Structure formats: C-alpha cells, structure tokens
There are 2 protein chains.
Amino acid sequence: MHPDVSQKTVGRWSLYRRLLDALSRTEQRYILSSDLARRSGVTASQARRDLMHLEVAGGARGYEVQALLRAINAQLAPAEPQAVALIGVGNLGRALLSYFQGRRPTLQLVAAFDIDPHKIGRVIHGCRCYPLDELEAILEREAARIVILTLPGEAVATLGPRLIKAGIRAVLNFAPSHLDLPPSIHVEDVDITMSLEKAAFFAATQEQRS
Amino acid sequence: MHPDVSQKTVGRWSLYRRLLDALSRTEQRYILSSDLARRSGVTASQARRDLMHLEVAGGARGYEVQALLRAINAQLAPAEPQAVALIGVGNLGRALLSYFQGRRPTLQLVAAFDIDPHKIGRVIHGCRCYPLDELEAILEREAARIVILTLPGEAVATLGPRLIKAGIRAVLNFAPSHLDLPPSIHVEDVDITMSLEKAAFFAATQEQRS
DNA sequence: TTCTCTCTGTGATTCAATTCACAGGCACTG
DNA sequence: CAGTGCCTGTGAATTGAATCACAGAGAGAA
Ligand SMILES: NC(=O)c1ccc[n+]([C@@H]2O[C@H](COP(=O)([O-])OP(=O)(O)OC[C@H]3O[C@@H](n4cnc5c(N)ncnc54)[C@H](O)[C@@H]3O)[C@@H](O)[C@H]2O)c1
Ligand SMILES: NC(=O)c1ccc[n+]([C@@H]2O[C@H](COP(=O)([O-])OP(=O)(O)OC[C@H]3O[C@@H](n4cnc5c(N)ncnc54)[C@H](O)[C@@H]3O)[C@@H](O)[C@H]2O)c1
C-alpha cells in the first residue's frame, strides 16, 4: 500500500466516499474533481491530489464514479470486516451504538463494556454489554482491534496499559484526557467540548476567519 | 485582542484550560510548560508558543496556575454568557443536551429545534424543544449566535440560508454534509464517521504512524 | 481529421505550523 | 552573594500541507 498518504488525505477519502456513494445510486456516471471538491468543501486541486494516491485515471469527463468508489473502498475497507468495541455505555456511547449498528458492514460493533451493574449483561442496540473486567478476554475472543472510548475522563487514564496488552491497534477517544499510547497505536481524539469552545471563541470575535 | 492566533492554538487553549481547572483545585501553585505539554499530549515548545499569545509571564518555577487559568478564560469565555441552540433532538442531540446542560456557565443551551411532533413542546434535559419553523424568531429572542447541528445530513443543506438570515456566528456541525456559509461564519465540523473510518484505516495498516 | 476547449496529473511554490536552539532570567545552594 | 542549573520566550530553521500553474490528453465540433 502507499506509505506516503497523509492522515488528512485519509480523512478526506472518507468524505469523498460518502458523496460517491450517494452519486452511485443516481444516473450520473462521471464526476469532475471540481464538483467533488465543491460538494466536499475543499479546493479542486486538493481533491485531485487526494485522488492521485488512488490509482484511478480520470479523463476529460472527470472520473468514473464507480471506479473511484471502488478504489476508495479498497483503501478504507479491508477485505474482512473489522471488529470494534465500545467502552462506556453512557449517553454518548448509546448514541454511537445505535448509529453504527449495522450501518457499515465492514465495521462491526461486537462488544460494549461498562462498570455499571445496571448495564452489564444487557443487550443495547444489538450489542451485549460486558463488565470491564472481561475486557481483555472478550477483545481477544472477538478479535477486536479498534475501541471507542466514551467513558469519563478520569477513568481513561488507567485504561492505557490494558489496551496495549489487549493488542488494540486504534482508538477513537471521546474522553477529554490524553491517552499515552505507543505510536504504533493510532489515537483519534474527538473532543466535543473543545470544538464547541472553539466555535464560541470565533463567534465572539467578530472578525471573520476562514 | 490578538488577531494572529491560529485556530489550532485556540483549540489547545481549551485543552490546557481543562488541565489547569483540575490543577487549580489542588495544592499545586505552579506548572512547567513541559508538564502541561506532556499531560496534554503536545510538545513543550508548542505549549510555550501557545501560552506566548496570552500575556502571562512564566518564571523559573513555571507558570502560576491561577494566572494562566485567568488568562485563558479571558480569551475563551467572554464577559457575558453566550446562548447556544441545538437543531435535531435525536440520539446524539440528546446526549449533547444532557452533557452541556449547566456544565459551562458561559455557554447556555437555550433552545432546541426539531420537526418531530413528539418532541416539539417537550422540555428535554432542561431545554425546550421548538418546531423548526420558529427557528429565526426564537434565535433572535434568545440572542443565540451559536448553533449545534445534529440532524440528518440531507436536512442540513436547506438550513444554510436560514442560519445566515438568523445572524448566526458559529456552527458546530455533526452532520456529514458540507455547509456552504460565508467565511464570516465559523463552521466547526465534527465528523464522527470519518474519525472512525480513519481509525479503522490505520488499524488495518500495520505500519506505525504518529 | 484537425482544431479547440476543458480537465487531469503533478512539479514547483507558497503558506502555515511545528520544532530547534539558544539568550536571558529566576531560584536554589553553599 | 557568586555560581549553577533549569526554565521561559522567541528568532531561525524545518517540516508538512495546500495552492499554483502548466504540460499533456481526451472529447466534441465542424
Ligand atoms: N455526551 C456528550 O455530549 C459529551 C460531550 C463532550 C464530551 N463527552 C465525553 O464523552 C464521555 C462520555 O460522555 P457521556 O455523556 O456518555 O457520559 P455518561 O456519564 O453518560 O456515561 C459514562 C458511562 O461510562 C461508564 N463508566 C464510568 N466509569 C467507567 C469505567 N471505569 N469503565 C467503564 N465504564 C465506565 C458509566 O457507567 C457510564 O455508563 C465523557 O468522557 C465525556 O467527557 C461527552
Ligand atoms: N449518533 C451518532 O453516533 C452519529 C455518528 C455519526 C454521525 N452522526 C450524525 O449526527 C446527526 C444526528 O445523528 P442522530 O444519531 O442523533 O440521528 P437521529 O435520527 O437520532 O436524530 C435526528 C433528529 O433530527 C430530527 N430531524 C430530522 N429532520 C429534521 C429537520 N429538517 N429539522 C430539524 N430536525 C430534524 C429528527 O426528528 C430526529 O430527532 C446525523 O447527521 C448523523 O449522520 C451521528
């Protein structure tokens, strides 16, 4: 695979895929980089750069939608489905469970974990909730290499070493705590509070910014 | 105010504030840039650069926690509270309402909007839900300049012009659709699906990356 | 077929953000 | 009250990403 693809490019592939997916259910057979770009909110040359890394040739009518979609899927979705686990079945965790359950066939939410006895043992949005103690055992059994963290920030700190031992490869972290993991594990932080505060900051300073 | 503060820096201020806030409730009076950095997952020189823009002098024992906290608050939290509205009271919207209700006194969730008759009129996590038709009227009444979008992607497209008319200054958008707004309105996109797909991509490529 | 027009693919360039590296200063030590 | 060591503040250098700009190619017109 291409070793020289930037993280940002991977993110935009996901974006393009969403559009192409919608397009592929319409009559439209071709799409111009400039269209794709405008509809994704990026510049045309950036879109072309991103598509460059996929080995799809565009022509004078643009890119063939199906071919692009296949190429991006080949990058983003590996041949066999990936198992995902979620830790912390609170308000946010449940929203995610409900949203992702069955939406992406290549990303399967196979297990949830919590410490709350009321939640343990229940099946929430089609996903069984286990006690946190069984984390390692069940991650191994389900071959889950990706975890979503939606538990309180304080609780996250102690989790690092356990995730390493369990052989986790990537983490999607919603908790506002820095996870100290080796660089071989990819950490994607989604800090909603920070995003809202950024929005508030720029709302307050009347000057326009990009 | 400083016109030359990068968006990324603003984001990290929010991060530092969270740590300082916790510290300010302990005995610790001073903090080193290197500590702050390690605990936020950034480098020490980056932290120093970010703090440079605040006008707080650090000494040989580091920075005074209270002084830093005050300086960051002065930047992030304007004198009077900012009103925030939320559109789309679904699973994610409710999680956000519950989380932010009363957490930041300077950010008040004053109104929610939906088109579902079952939700309209109810008070959800302390926030009244109005019909979407009344959007402009109520945003004006409450002087809300910030909106959170947690409605389906297709519905977002039609919303742009209404947000402009309503005098919105910043948007926190969870829907996977590009919002085309003038640059005077700050748009903060939080694309959870994209983040998960990025995580999955890097989990699948065994090579280690930062 | 030939001519023209527009779009892609990409080297070169610009722009932004991060890191380096060190001068200057404060705190602690003896 | 020097002397030492670590920490800050910040220009300079570096890295990385986005943009520019243009050569080359395919599509359609006549
Ligand atoms: N909900 C939001 O809108 C929102 C916004 C910003 C940030 N966050 C962050 O996302 C995380 C989750 O938020 P939430 O609103 O869902 O919280 P929540 O309180 O609703 O849920 C937290 C869940 O984690 C469980 N839990 C607590 N300690 C645990 C542990 N050690 N191991 C496993 N499970 C444990 C709790 O039992 C609960 O079910 C928090 O870190 C929060 O700061 C959430
Ligand atoms: N929940 C998640 O975990 C998650 C993950 C990724 C992306 N998202 C995105 O976040 C958004 C919300 O997700 P959700 O899970 O809360 O969805 P949801 O279906 O639970 O809620 C959507 C809400 O929006 C309301 N709505 C629909 N059309 C509307 C309109 N025109 N005006 C106002 N309200 C309208 C619906 O009545 C419903 O209450 C979606 O765009 C989704 O793609 C959510």
Side-chain angles (χ1 to χ4, degrees), chain A residues 2-16 20 23 28-68 71-72 178 183 189 194 198 202 207-210, chain B residues 2-16 20 23 28-68 71-72 178 183 186 189 194 198 202 207 209-210:
Chain A
H2 287 282
D4 55 339
V5 192
S6 91
Q7 218 166 115
K8 302 247 178 108
T9 292
V10 175
R12 286 188 299 261
W13 282 346
S14 162
L15 225 98
Y16 303 144
L20 294 168
L23 275 182
Q28 192 171 342
R29 307 237 356 250
Y30 293 90
I31 182 147
L32 302 179
S33 65
S34 53
D35 272 11
L36 192 63
R38 189 176 28 75
R39 298 168 70 170
S40 322
V42 303
T43 67
S45 66
Q46 187 160 62
R48 289 206 302 279
R49 272 249 178 262
D50 291 335
L51 301 188
M52 231 179 74
H53 299 281
L54 316 166
E55 310 207 339
V56 194
R61 286 183 291 180
Y63 301 84
E64 209 191 324
V65 172
Q66 294 299 337
L68 257 195
I72 296 185
H178 176 65
D189 283 301
M194 189 190 89
K198 270 175 79 173
F202 288 104
E207 280 78 42
Q208 86 292 350
R209 300 161 195 265
S210 74
Chain B
H2 287 284
D4 57 337
V5 193
S6 90
Q7 217 167 114
K8 302 245 179 108
T9 292
V10 175
R12 286 188 297 262
W13 280 347
S14 163
L15 224 102
Y16 303 144
L20 293 169
L23 276 182
Q28 191 171 342
R29 307 238 356 250
Y30 293 91
I31 182 146
L32 302 179
S33 65
S34 53
D35 271 11
L36 192 63
R38 190 174 29 72
R39 296 167 72 169
S40 323
V42 303
T43 66
S45 65
Q46 188 160 61
R48 288 206 302 278
R49 273 248 178 260
D50 291 335
L51 300 188
M52 231 177 77
H53 299 281
L54 316 165
E55 310 206 340
V56 194
R61 286 182 292 181
Y63 300 85
E64 209 192 323
V65 172
Q66 295 299 337
L68 258 194
I72 295 185
H178 175 66
H186 179 88
D189 282 300
M194 188 191 90
K198 271 175 77 174
F202 288 104
E207 280 78 42
R209 300 161 195 266
S210 74

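Here is the naming used below: chain letters follow the sequence lines, and residue numbers restart at 1 for every chain. What you see is a predicted model; the values in this text were computed from it and never measured. Below, each value reflects all heavy atoms present in this structure, side chains not excepted, and no hydrogens, waters or symmetry copies.
- Each of A:T43 and B:G62 has a nearest nucleotide on DNA chain D; the 5'-most of these lies closest to B:G62.
- Between B:L20 and B:L36 the shortest side-chain heavy-atom distance falls below 4.5 Å.
- Distance check: A:S33 OG to A:L68 CG gives 10.0 Å after rounding to the nearest 0.5 Å.
- Within the model, atoms CG of A:D189 and NE2 of A:H178 stand 8.0 Å from one another, a figure rounded to the nearest 0.5 Å.
- Atom-to-atom distance recorded for A:R12:CZ and B:K198:NZ is 9.5 Å, nearest 0.5 angstrom.
- Both A:S6 and A:R48 lie near DNA chain D, and the one whose nearest nucleotide falls closer to the 5' end is A:S6.
- Between B:Y63 and B:L32, every side-chain heavy-atom pair lies at or beyond the 4.5 Å cut-off.
- Residue contacts shown for B:R49 include a base, since a base heavy atom lies under 4.0 Å away.
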Problem set entry | Criterion side-chain contact (heavy atoms from CB on, under 4.5 Å) on A:L54 and A:W13, from CA distance to verdict | CA-CA 10 Å; A:L54 316 166; A:W13 282 346; 3.6 Å; yes

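- Bracketed by its first and final contacts, the part of DNA chain C lying under 4.0 Å from non-hydrogen atoms of chain A reaches from C:dC7 to C:dA12 in 5' to 3' order.
- Among the protein residues, A:A44 comes within range of no part of the nucleic acid, since none of its heavy atoms lies under 4.0 Å from any strand.
- Among residue pairs with one or both ends in residues 34-43 of chain A, those qualifying as side-chain hydrogen bond (donor to acceptor under 3.5 Å, both in side chains) are A:D35-A:R38; sequence neighbours excluded.
- Within the nucleic acid shown, B:V42 has no heavy atom closer than 4.0 Å to any nucleic acid atom.
- Heavy atoms of A:S33 sit under 4.0 angstrom from primed sugar atoms or phosphate atoms, though from no base atom.
- Checked by atom type and distance alone, the side chain of A:E64 never pairs as donor or acceptor with a backbone atom of A:Q66 at under 3.5 Å.
- Where DNA chain D meets chain B (any atom under 4.0 Å from a heavy atom), the bounding nucleotides read 5' to 3' are D:dC7 to D:dA12.
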